[in-house]
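We count ligands from 1, going down the list as the structure has it; atoms in each ligand are counted the same way.
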Amino acid sequence: MPELSGRTQTFTDSVIRRMTRVSLQYGAVNLSQGFPDFEPPKELLTRLAEVSGEDFHQYSITWGAQNFREALAEKQSRLMGREIDPNSEIVVTCGSTEAMMAAMMTVANPGDKVIVFSPFYENYGADTILSGAVPIYVPLYPPEFNFHPDELEAAFRQRPKALILCNPSNPCGKVFTRDELLVIADMARRYDTFVITDEVYEHIVYEPNRHVYFASLPGMWERTISCSSLSKTYSITGWRLGYIIAPAPIVEVAKKVHDFLTVGAAAPLQEAAVTGLKFGDEYYRELQEKYTGKRNLFLKGLDDIGIVHTVPQGAYYVLLDISEFGFESDLEFCHVLARDVGVGAVPGSSFFRENVNHLIRLHFAKKDETLYEALNRLEGIRRKIPAR
Ligand code: GLN
């Protein structure tokens, strides 16, 4: 067989997605890959059923159905504090996974440098490699996961093409403060760098934290490529609906990349999702309350068991410290956890550039009963996984 592409040989499959398969194999409560086990809003499901009998079964316009873009522009204009043009400033993609990849391919040439904070969502590693870019990692320091401005500036001095900003952040749950974002904005301006955001958890933020859209900061619209999705906001991760919002000259290029990558997101699903985009503020308040309840329930359960963990300010992940078990490999620990305790987790090493092996990530986007079941199982963790 001829040799396969060299570009793919420097990364593995996604460990997050792999741990879902491992969880299924052992019948574990799957708290690895972050997705809900509760239903999306009824209104979306009702509309989805209707749409099956309507005329939405062929391609939509490649960069997104007109009414989807209009509804999205209206919602995001309200939130981002600027008038977004549905025709020239939006590309609808297959999940934010495609949005991020298309954004990278839109701005980066092979060999260009891209700043990535560590820990980071594992797709960014593969995205940079596939687009030929070279990541420069800047550490976020626990427990607050703050960055050192001088370390960030040292990275900017290497003249990166872009910085990737996941806010609220997966996996550490950090919500960047306005002041922190202004520090990044100042450097992005001085070093003339794009900022690609991943804001899929924009509506999952815990009091008193506030989400600030990077594109809404003074002077930042021109250089920001905002990526997000409907997956988390409407509990429809399987619908694969994401988008890019950016200035028209950037979107013009992103539309081309997107067109040749996937042609377009599923037309019937875009149509059904318009219902969600038109929800009023009340929906987002309730979503926040729902996740706040889940966060409190789950963190209290972990405290009762006596496991040291992070306290997320946003998103729905928590990092657990597994040092006491004395495993050299967190990946092996996660296999043992799924097999012997019956809970699926993601090894922390999948997210860190640094050599970190003592953390695992669980998510709490699950029904309360699922979370209680996971906590019941975790109660026996010290008996079932003897320290080495
Ligand atoms: N963001 C989710 C996670 O980190 C997974 C998303 C995905 O698998 N595409 O678990």
Discussion item. Ring pair (Phe, Tyr, Trp, His ring centres under 6.0 Å) for Phe145 and Phe117? Distances and angles first, verdict last.
Written reply: CA-CA 10 Å; Phe145 292 95; Phe117 287 110; over 10 Å; no

Discussion item. Return the closest protein heavy atom for atom 2 (C) of ligand 1 as residue, atom name and distance.
Written reply: Tyr317 OH, 3.3 Å

Worksheet item: N/O of Ile16 under 3.5 Å from N/O of ligand 1, yes or no?
Response: no

Discussion item. As an exercise, identify every atom of ligand 1 less than 4.0 angstrom from a heavy atom of Gln33.
Written reply: 5 (C), 7 (C), 8 (O), 10 (O)

Worksheet item: Just by modelled atom types, is the Phe352 backbone N or O under 3.5 Å from a matching donor or acceptor in the Ser118 side chain?
Response: no

Worksheet item: Just checking, is any N or O donor in the side chain of Tyr213 or Glu199 under 3.5 Å from an acceptor N or O on the other one?
Response: no

Discussion item. Test of understanding: given a 4.0 Å heavy-atom threshold, classify the contact between Lys232 and ligand 1 as side chain, backbone, both, or neither.
Written reply: side chain

Practice prompt. Would you please determine whether His363 falls within less than 4.0 Å of ligand 1 on a heavy-atom basis?
Written response: no

Fill in: Backbone of Phe176 reached by a side-chain donor or acceptor of Asn167 within 3.5 Å
yes

Worksheet item: Counting heavy atoms only, which part of Glu122 comes closer than 4.0 Å to ligand 1: side chain, backbone, both or neither?
Response: neither

Worksheet item: Any N or O of Arg361 that comes nearer than 3.5 Å to an N or O of ligand 1?
Response: yes

Worksheet item: According to the interplanar angle, ranging from 0 to 90°, do the rings of Tyr201 and Tyr316 count as parallel (below 30°), tilted (30 to 60°) or perpendicular (above 60°)?
Response: perpendicular

Worksheet entry | Under 4.0 Å to a heavy atom of Asn170 - the qualifying atoms of ligand 1, by number | 1 (N), 3 (C), 4 (O)

Worksheet item: Heavy-atom contact under 4.0 Å between Phe351 and ligand 1?
Response: no

Worksheet entry | Heavy atom of the protein closest to atom 6 (C) of ligand 1 (residue, atom name, distance) | Tyr121 OH, 3.2 Å

Worksheet item: Can you check whether Thr93 reaches Leu261 side chain to side chain, under 4.5 Å on heavy atoms?
Response: no

Practice prompt. Give a yes or no answer on whether the side chain of Lys294 reaches the backbone of Lys366 with a donor-acceptor pair at less than 3.5 Å.
Written response: yes

Worksheet item: Near Arg17, which atoms of ligand 1 are under 4.0 Å from a heavy atom of that residue?
Response: 7 (C), 8 (O), 9 (N)

Discussion item. Under a 3.5 Å threshold, yes or no: a donor from one side chain and an acceptor from the other, between Ser14 and Glu122?
Written reply: yes

Practice prompt. Would you confirm whether Gln313, through its side chain, and Val175, through its main-chain N or O, come within 3.5 Å as a donor-acceptor pair?
Written response: yes

Worksheet item: Counting each atom of ligand 1 from 1 as listed, which ones have a heavy atom of Tyr201 under 4.0 Å away?
Response: 1 (N)

Fill in: Location of contacts on Tyr316 toward ligand 1, heavy atoms closer than 4.0 Å
neither

